[in-house]
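Let me begin by presenting the structure, written as C-alpha cells, before commenting on it.
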Amino acid sequence: MSSSPAIAAASAAVVALAVANRVLYKLALVPLKQYPFFLAQLTTFGYVAVYFSILYARYRAGVVTGDMLALPKRRFAAIGLLEALGLAAGMSAGAMLPGPAIPILSQSFLVWQLIFSALLLGRTYSMRQIIGCFLVASGVILAVASGANEGQFLSEVKFIWLALMVASSAFQAGASILKESVFIDGAKRLKGRRPDIFVVNSFGSGFQALFVFLLLPLLSNLKGIKFAELPAYLNGGAECFLNVDDSLIDCGGAPFLPLLFILVNMAFNIALLNLVKMSSALVASLTATSAVPISIYILSLPLPYIPHGAELSSSFILGAVVLLMGLITYNLPQSSKKQSKTE
C-alpha cells in the first residue's frame, strides 16, 4: 500500500475530478440537448481509444499477459451491453432533468449494487451496510418528492425521466457486479493472479461502443426519431457538436463543453482506478461520494449556459443529507474478521 501523503493527494484529485465531472456532465448536455445519443457515442469511442492505448502500453511493459487477453469474452459483451444501456438512459434523462437532481438520483447505484451482488455473487452484508443502503434509498425518495409541490424544481419533470435516471444506475450497477465476477473467475483461470483492470475496462468499453451503435435505432425510436431519419440525426449532431454556422438550433458551448466533459470524465475514471490500486475500493468509494454534496450545491447556482440555476427546497436538502448519511454509514470501516464474512 502507498504512503499516506500519496493516498491523500490521490484522494484530493478524485474529489476535484468527481465534482468537475458531475458539473460538466450537465453542462455538456446544454449544447447537445437534442443529441444525447450522439454525445453518448462520442464519449464511448473516446473510452475505447484511451483504455486500449493504456492496455497496449501495459502489455508491452509485461503487466498484462497473453493469458489475460485470452479470457472468455462473453461477460465482457454483457458488461458492454449494460453500460451502453446505462449511458444512453443517463444521457437521455440528464438532458431533461435539473442539474441538482442528477447526482441525487445517480446514487441509487449503491442500492442496485447491493441487490445485484447478493443475487449474482451470493454476497451477505452487515446490518450497518443494509441500513446505509436504506438511508440512500430514503434520501432519493425525499429528493424526488421535493418536486411534488407546484413551483419546485422537479414539479414539471415527467416521471419517465426520473425513472430513466434510476434505471441508468441499475444498468451500471449490474455492469460493475459483472466486472467483479470477471476478476473472481479470472483469478481461478490465471492461477491466483487477478486480471489487470484495464483488460476489463478495455474490452468492456469496446463492446459498449458496439452496442451503443447497434441500439441507436431502438433508442432513437424511443426519442421519436424514425430509423430513416437516423442519418440526418447523426449529421445534425455532428453539426451541433462542431457548432457550424448552418446548424438549425443554438449549439452555444460546443464543442468546448462536450470535449471538456469527455476529457474530465476519462481523467476521473483513471484517477479513481489509481486510488483503488493505491489503497482500496472502500477508500475510493468514500472519496468519490464526498463530492456529491459539493456538486449538488454547484449545480444549484447560476452557471455559464445555465444562468437561472435551480432553487433547492428544504425537502431536497434533507434528502441530500439523508443520502450522504447513508453513504457514510455504508462505507464506515469494520473489523477485518467481519469484513471477510460480509465481503
Side-chain angles (χ1 to χ4, degrees), residues 14 18 21-22 25 40 43-44 47 74-94 97 101-126 128-141 143-144 161-185 197 200-201 203-205 207-208 211-212 215 265 268-269 272-273 275-276 280-292 295 323-324 326-331 342-343:
V14 167
N21 180 62
R22 291 178 182 276
Y25 176 79
T43 305
T44 299
Y47 284 162
R74 292 188 300 273
R75 290 185 185 179
F76 294 129
I79 290 169
L81 176 59
L82 288 172
E83 290 189 331
L85 291 172
L87 183 62
M91 288 287 186
S92 299
L97 291 172
I102 297 174
I104 287 287
L105 295 174
S106 297
Q107 295 311 307
S108 60
F109 173 89
L110 184 60
V111 179
W112 289 115
Q113 195 175 50
L114 177 74
I115 295 171
F116 292 147
S117 63
L119 292 176
L120 300 178
L121 300 180
R123 291 285 178 84
T124 57
Y125 292 89
S126 68
R128 172 186 55 76
Q129 290 172 314
I130 294 174
I131 291 173
C133 284
F134 273 108
L135 286 174
V136 170
S138 299
V140 172
I141 293 171
V144 173
W161 305 121
L162 302 173
L164 263 181
M165 184 57 71
V166 174
S168 172
S169 295
F171 291 134
Q172 292 167 0
S176 71
I177 297 303
L178 283 181
K179 287 180 181 180
E180 188 172 353
S181 71
V182 169
F183 286 119
I184 295 172
D185 181 67
I197 194 166
V200 180
N201 278 339
F203 286 106
S205 65
F207 280 109
Q208 179 185 352
F211 284 118
V212 166
L215 288 173
N265 185 256
F268 166 67
N269 282 286
L272 196 63
L273 288 172
L275 184 57
V276 171
S280 68
L282 183 67
V283 172
S285 176
L286 184 57
T287 301
T289 296
S290 65
V292 173
S295 60
L323 183 147
L324 186 58
L327 289 168
I328 293 174
T329 300
Y330 179 87
N331 285 293
T342 58
E343 298 184 359

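Note that the structure is predicted; figures quoted are calculated from it, not measured. Start at 1 with the first residue, then count along the sequence.
Smallest separation of non-hydrogen atoms from F76 and F203: CG-CB, 3.8 Å. Listed here is the closest heavy atom pair of F116 and A170: CE1-O, 3.3 Å. Pairing each heavy atom of T329 with each of R128, the nearest pair is O-NH1, 2.7 Å. Nearest heavy-atom pair across S168 and A89 is CB-CB, 4.0 Å. Considering all non-hydrogen atoms of both residues, A93 and M165 come closest at CB-N, 3.7 Å. For the residue pair F171 and L82, the shortest heavy atom distance occurs at CB-O, 3.3 Å.
The line from CG of N201 to NZ of K179 is 4.5 Å long, rounded to the nearest 0.5 Å. Taken to the nearest 0.5 Å, the CD1 atom of I130 stands 12.0 Å off from the CG atom of L135. Within the model, atoms CD1 of I115 and CG of L120 stand 11.0 Å from one another, a figure rounded to the nearest 0.5 Å.
V200 is not listed as a side-chain neighbour of R75, based on a closest heavy-atom distance of 4.5 Å or more. Side-chain contact between F211 and L85: absent, with no pair of heavy atoms (C-beta onward) separated by less than 4.5 Å. Between V166 and W112 the shortest side-chain heavy-atom distance falls below 4.5 Å. Under the 4.5 Å side-chain criterion, counting only non-hydrogen atoms from C-beta, Y25 is not in contact with N21.
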Applying side chain to side chain contact (heavy atoms under 4.5 Å, CB included) to V182 and I79, what does each step give before you reach the verdict? CA-CA 10 Å; V182 169; I79 290 169; 4.1 Å; yes
